[in-house]
Amino acid sequence: MINSVESELGQIRSDLERQNHEYKILMDQKTHLEMEIATYKRLLDGHDIQYVH
């Protein structure tokens, strides 16, 4: 029974490590997209200001 629990614990740890890695990748992608959005907003705002004058 102890071996079974240890095996299950090992699998849970492995799953958590994989999920943490996937989460980090997603957060990196989110940050990158947010930076792109901010850049496009700045460009649009600058573009709008040019047309106002």
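Counting begins at 1 with the first residue of the sequence. Quick caveat, the model's predicted, so the values are computed rather than measured.
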Among Ile, Leu, Val, Met, Phe, Trp and Tyr joined by side-chain contacts under 4.5 Å, find the other residues sharing a cluster with M27 and list them by chain and number. Y23
Linking Ile, Leu, Val, Met, Phe, Trp and Tyr by side-chain heavy atoms under 4.5 Å, what else ends up with I37?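 When side chains under 4.5 Å apart are linked, I37 ends up in no cluster with other residues.
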Which of E36, M35, K30 passes side-chain contact (heavy atoms from CB on, under 4.5 Å) with H32? It is E36
To the nearest 0.5 Å, what is the distance between CG on L33 and CG on L26? 10.5 Å
Distance-only donor-acceptor hits, side chain of residues 4-17, under 3.5 Å, sequence neighbours excluded:
from, atom 1, to, atom 2, distance (Å)
Q11, NE2, D15, OD1, 3.0

So, are D45 and K41 salt-bridged, with charged N and O less than 4.0 Å apart?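 Looking at D45 and K41, the cut-off is not met.
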How many angstroms lie between CD in Q29 and OG1 in T31, if you round to the nearest 0.5 Å?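 The OG1 atom of T31 is 10.0 Å from CD of Q29, to the nearest 0.5 Å.
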